[in-house]
Amino acid sequence: MDTAKATALHARASAGFDGRVESARRLLARAAAAHPDAIVQASSLGAEDQVITDLIARDRLPIAVATLDTGKLHAETLALANAVRERYGIFVERYRPVQEAVVAFVGRHGEDPMRKSVELRKACCALRKVEPLGRMLAGRSAWITGLRREQSVDRAAVELEAIDAEGRTKLSPLADWTWGDVWHYLALHDVPYNALHDRFYPSIGCAPCTRAIALGEDFRAGRWWWEQDGAKECGLHVAPASTPFAAAVAP
Ligand code: SF4
C-alpha cells in the first residue's frame, strides 16, 4: 500500500497560525475552569483531535479525553489511543455500544448492513456512536470537538463556542484552523497521529465506512462514499428528528 508522510504533504501554516494556537489554548483553559470535572474532549483520534489532546496535555488542563469505540474501528485507531497514554499519560476513556443491542442488530441485519440503505447506516451509527455519546456526555456540562469549518459545507458555520440541544457548552477550538494549520501543529510538536493518515485517509471513522481518497477528492469523500444524497454525518453533530437519541446530541 502506498504511503507518504502526511506531515510532509500537508503541514503548511496559514497567516495568523500562532494567534489561533493561543486562542485555542485560552478557550480550552477558560472552559476547563468554568466546568470543573464536567468537561470532556470527544475525540475521534483524528488529526484535529490529536492537536486538541496535545494542547490539553501541554497546559495540564483537567479535561477528560474520551472516544467512541464502536467495535468497528481500525487497528491503527485503537493503537493511537494507547500511544496517547504512553505519550501524555492520559487514559482515553472508551464508550462502547450496548452489547445486547449490537447482537440484536447484527442478528437481524447482518454484520455490515450499512450499504443496504441509508436508514440502516444511520441506525448503525445511532447504535454504535450516538447512544454511547449520550453516555459519554451524561453528567458533563461541556464537550470539545475537532470540527473545522473547512471540513465540509455542512460544517462551514461551526462556532468556536456554542450551546447544544441539551444546554451543554460545545467547543470547537479549531473551527477556524486550516488543514495545513493542523498538520503544521502536529509536525511542530511531533504529536502522534493515526498511521492511516499516511495512507491518504484524511477523515477516519469506522473501518467499513472509511476509505482512502485520491488527489483532488473532497475532504470527506472517503466517508460513506456509496451514499449520493445528504450530508455525510453520523448523527454526532446533527440531530435528525427521527433519531431516538436526538435529544442527546448537538444540533
Ligand atoms: S460509521 Fe459505519 S460502522 Fe460506524 S457506526 Fe456508522 S454505519 Fe456503523
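Remember, it's 1-based here, ligands and their atoms both numbered in the order they're listed. In this chain, numbering begins with 1 at the start of the sequence shown.
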Per-atom contacts of ligand 1 with Lys129, taking only distances under 4.0 Å to non-hydrogen atoms | 1 (S)

Answer yes or no for Cys206: is there an N/O/S atom below the 2.8 Å cut-off from atom 4 (Fe) of ligand 1?
-> yes

Just say parallel, tilted or perpendicular for the rings of His10 and Trp179, cut-offs at 30° and 60°.
-> tilted

Would one find an N, O or S atom of Cys209, in either backbone or side chain, under 2.8 Å from atom 8 (Fe) of ligand 1?
-> no

Any atoms of ligand 1 less than 4.0 Å from a non-hydrogen atom of Arg121? List them with their elements.
-> 7 (S)

Please find out if less than 6.0 Å separates the ring center of Tyr201 from that of His197.
-> no

For His35, enumerate each residue passing the ring pair (Phe, Tyr, Trp, His ring centres under 6.0 Å) test, keeping only those at least two apart in sequence or located in another chain.
-> none

With sequence neighbours left out, what residues match Arg96 under side-chain hydrogen bond (donor to acceptor under 3.5 Å, both in side chains)?
-> Asp69

